[in-house]
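Structure first, commentary second.
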Amino acid sequence: MTSPRLAEIFKTLELDPALVTGGDLSVISPIDGTDIGTVQRDSAAGTDAKIAAAVKAFEHWRQVPAPRRGELVRRYGDLLRRYKEPLGALVTLECGKILEEGKGEVQEMIDICDFAVGLSRQLYGLTIQSERPGHHMRETWQPLGPVGVISAFNFPVAVWAWNTAIALVCGDPVIWKPSEKTPITALVCDALLQRAIADFGADAPAGLSCVLVGERDTGEQLTGDSRVPLISATGSCRMGRQVGPKVAERFGRCLLELGGNNAIIVTDSADLDLAVPAIVFGAVGTAGQRCTSTRRIIVHESLKETLVARLKKAYAQIRIGDPLDGDTLVGPLIDGAAFEGMARAIEAARGEGGHVTGGERVRTDTHPGAYYVTPAIAEMPEQTPSMLEETFAPLLYVIGYTDLDEAIALHNGVPQGLSSAIFTTDMREAERFVSATGSDCGIANVNIGTSGAEIGGAFGGEKETGGGRESGSDSWRAYMRRQTSTVNYSHDLPLAQGIKFDLG
């Protein structure tokens, strides 16, 4: 039995609701805490069969010319354009982000498809000058094999699309293990891709894309399988500590996108008309459940009181409610565990001398099974131990600084290194922040916030964020294997480095 909202979305998507009925895993919408459908978990044997099918598909798909592979991705992008509205609503229904963000996530899928189509004609190698006469050296990139994608609940479709669009044009099948909290969006995205595959014709083999529905044991089976040369995993640092060694043990590759503890430095020359809305969206967008959410503000002491007052005024105007309502700006947390984590972090901040505004649970009378909260601001006396941990909720810490060296040291003084920003009108400060002695994050912005990255750049971070890169730039290289070849077209056999080996 599907919920009325889900049934209407499936009707618009022209999909059979049987896809999400009769299974053994209930899916709960964070909007109201009710079941919206049931999906069938994959058994260990079923998981093995899907991996085997992907291995078989690779044997064929790697031989299809890359521009032709790009044509499949183009067709998928066209389907996403056609169904952007209902798919965006499904994202909202299942993970709780507001409708604008749900549709924006689908737009990311469309954008990465466009990028990948162009990339399919640009998987460039190198021609290298040989030191030996009559020889050519080349570096080429070859398809790698089945790619395992493990995604998190907060971006239930975009992260998979970043990986899948690139992997497909690189010649790799994809095996997707979505979060057990958001499997419906995964099944729908795969169903639409299967529609594009069917329309594509015989060049696209069976097993090119599949979804594994399950929990931790399913993910462990995928990461431990040596037939899957690359695991791209998005989640917490704790998850990465488990996935990374397991894949390394079998000498597989890992592309890790883990936690963030993202800060914005607000200098004494900052334009607060830019800084305030950027901070607010970064801190409360997706109810603070983005890996790029703004967690810390490091503000010059001369502006601290003014900035905090303006933030509190902006927070008072935030409309919290049903994320499918177009007027809502902040929807619910994903579940009760997320709320409990936020409550513990607030308690710790107060215990460290912080003054906390907000953080209360709301709408309990109308939505007792859901977890809506007021975004919180914690004014801290210094960068305390609790601030070194990522809280996946709308909790924003504020501390002051007096000189830029101190600010950068505070900024970099956390284990994570994903996204960062500085607001300044001083060119020297801006350039210092994005220099080798500035931000140590994978993303460093000037006069824009920490969240909302475009697909054209490589996305990822350093330190405990995992070091992986997805999406744009040259991230495609992670999905291929590098091969150096030397061709001798002469009648002689000179050795490199001038070595003589004369058999007489």
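In this structure, NZ on Lys84 lies 4.0 Å from CD on Gln107, to the nearest 0.5 angstrom. The CG atom of Leu410 lies 10.5 Å from the OH atom of Tyr401; values are rounded to the nearest 0.5 Å. In this structure, CD1 on Ile346 lies 11.5 Å from CD1 on Ile377, to the nearest 0.5 angstrom. We find the CG-CG distance between Leu99 and Asp327 to be 11.5 Å, quoted to the nearest 0.5 Å.
Distance alone, capped at 3.5 Å, is enough to place a donor-acceptor pair between the Asn412 side chain and the Asp440 backbone. The backbone N or O of Leu404 lies less than 3.5 Å from no partner atom in the side chain of Glu429, so there is not a single donor-acceptor pair. A donor-acceptor pair is defined here as one N or O able to donate and one able to accept, closer than 3.5 Å; such a pair exists between the side chain of Thr12 and the backbone of Glu8. Side-chain atoms of Thr374 never come within 3.5 Å of backbone atoms of Gly358 as a donor-acceptor pair (strictly under, hydrogens ignored). Not a single donor-acceptor pair under 3.5 Å links the side chain of Thr425 to the backbone N or O of Ala270. Between the Arg296 side chain and the Asn261 main chain, a donor and an acceptor come within less than 3.5 Å of each other. The closest donor-acceptor contact from the side chain of Arg253 to the backbone of Ala478 lies under 3.5 Å.
Annotation: side chain of Trp476 is not in contact with side chain of Val169 (no heavy-atom distance under 4.5 Å). Under the 4.5 Å side-chain criterion, counting only non-hydrogen atoms from C-beta, Tyr397 is not in contact with Thr384. You'll find the side chain of Cys291 reaches within 4.5 Å of the side chain of Phe459, heavy atoms only. Inter-residue side-chain proximity for Val414 and Met387 is flagged as unmet; no heavy-atom pair is nearer than 4.5 Å. Using a 4.5 Å cut-off on side-chain heavy atoms (C-beta onward), Glu108 and Trp162 make contact. The closest side-chain heavy-atom distance from Pro323 to Ile31 is below 4.5 Å. Between Ile279 and Val299, every side-chain heavy-atom pair lies at or beyond the 4.5 Å cut-off. Side-chain contact check for Trp176 versus Thr164: every heavy-atom pair is 4.5 Å or farther apart.
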Listing, residues 177-191 side-chain donor-acceptor contacts under 3.5 Å, not counting sequence neighbours, or none:
{"from": "Lys177", "atom 1": "NZ", "to": "Gly214", "atom 2": "O", "distance (Å)": "3.2"}
{"from": "Ser179", "atom 1": "OG", "to": "Lys181", "atom 2": "N", "distance (Å)": "3.0"}
{"from": "Lys181", "atom 1": "NZ", "to": "Asp335", "atom 2": "OD2", "distance (Å)": "3.0"}
{"from": "Thr185", "atom 1": "OG1", "to": "Glu94", "atom 2": "OE1", "distance (Å)": "3.0"}
{"from": "Thr185", "atom 1": "OG1", "to": "Thr182", "atom 2": "O", "distance (Å)": "3.1"}
{"from": "Asp190", "atom 1": "OD1", "to": "Gln194", "atom 2": "NE2", "distance (Å)": "3.4"}
{"from": "Asp190", "atom 1": "OD1", "to": "Ser209", "atom 2": "OG", "distance (Å)": "2.6"}

I'd like a table of donor-acceptor pairs (distance under 3.5 Å, sequence neighbours excluded) in which one partner is a side-chain atom from residues 303-311, with atom names and distances.
{"from": "Arg310", "atom 1": "NH2", "to": "Asp273", "atom 2": "OD1", "distance (Å)": "2.9"}

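The ring pair (Phe, Tyr, Trp, His ring centres under 6.0 Å) check on Tyr372 picks up His367, with sequence neighbours excluded.
Nearest heavy-atom pair across Leu90 and Leu6 is CD1-CD1, 3.5 Å. Here the closest heavy-atom approach between residue Cys237 and residue Gly259 is recorded as SG-N, 3.6 Å. Here the shortest heavy-atom pairing between Ile265 and His411 reads CD1-CB, 4.1 Å.
At a cut-off of 3.5 Å, with distance as the only test, a side-chain donor of Asp32 or Thr34 sits close to an acceptor on the other residue. A side-chain donor-acceptor contact under 3.5 Å links Ser439 and Ser420. Side chains of Thr424 and Ser269: a donor on one and an acceptor on the other come within 3.5 Å.
For Glu100, the CD atom is loosely surrounded, since the number of other residues' heavy atoms within 6.0 Å does not exceed 12. Residue Arg238 qualifies as open at atom CZ: its count of foreign heavy atoms under 6.0 Å is 12 or below. Counting heavy atoms of neighbouring residues, nucleotides and ligands inside a 6.0 Å radius, atom NZ of Lys11 does not exceed 12 of them.
Between Asp322 and Arg5, at least one side-chain N (NZ, or NE/NH1/NH2) sits under 4.0 Å from a carboxylate O, which counts as a salt bridge. Ion pairing between Asp78 and Arg82 fails under the 4.0 Å rule for side-chain N and carboxylate O. Using a 4.0 Å cut-off between charged nitrogen and carboxylate oxygen, Glu347 and Arg344 do not count as a salt-bridge pair. Under the 4.0 Å criterion applied to side-chain N and carboxylate O atoms, Asp405 and Arg432 are assigned as salt-bridge partners. Note on Glu462 versus Arg469: salt bridge recorded, some NZ/NE/NH1/NH2 to OD/OE distance being below 4.0 Å. Note on Arg428 versus Glu431: no salt bridge recorded, every NZ/NE/NH1/NH2 to OD/OE distance being 4.0 Å or above.
Both tests pass for Lys97 against the ring of Phe155: distance under 6.0 Å to the centre and angle within 45° of the axis.
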Report the C-alpha distance between Asn163 and Ser232 in whole Å, list the side-chain angles of each, state the deciding distance to 0.1 Å, and finish with yes or no for side chain to side chain donor-acceptor pair (under 3.5 Å). CA-CA 8 Å; Asn163 284 273; Ser232 176; 2.7 Å; yes
What's the verdict on side chain to side chain donor-acceptor pair (under 3.5 Å) for Arg295 and Gln416, showing C-alpha distance, side-chain angles and the deciding distance? CA-CA 11 Å; Arg295 309 289 179 199; Gln416 310 85 356; over 6 Å; no
Test side chain to side chain contact (heavy atoms under 4.5 Å, CB included) applied to Glu352 and Glu382, step by step: CA-CA 9 Å; Glu352 294 167 335; Glu382 59 184 348; over 6 Å; no
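Paired with Glu470 under the rule side chain to side chain contact (heavy atoms under 4.5 Å, CB included), one option of Val149, Thr234, Ile166 passes, and it is Thr234.
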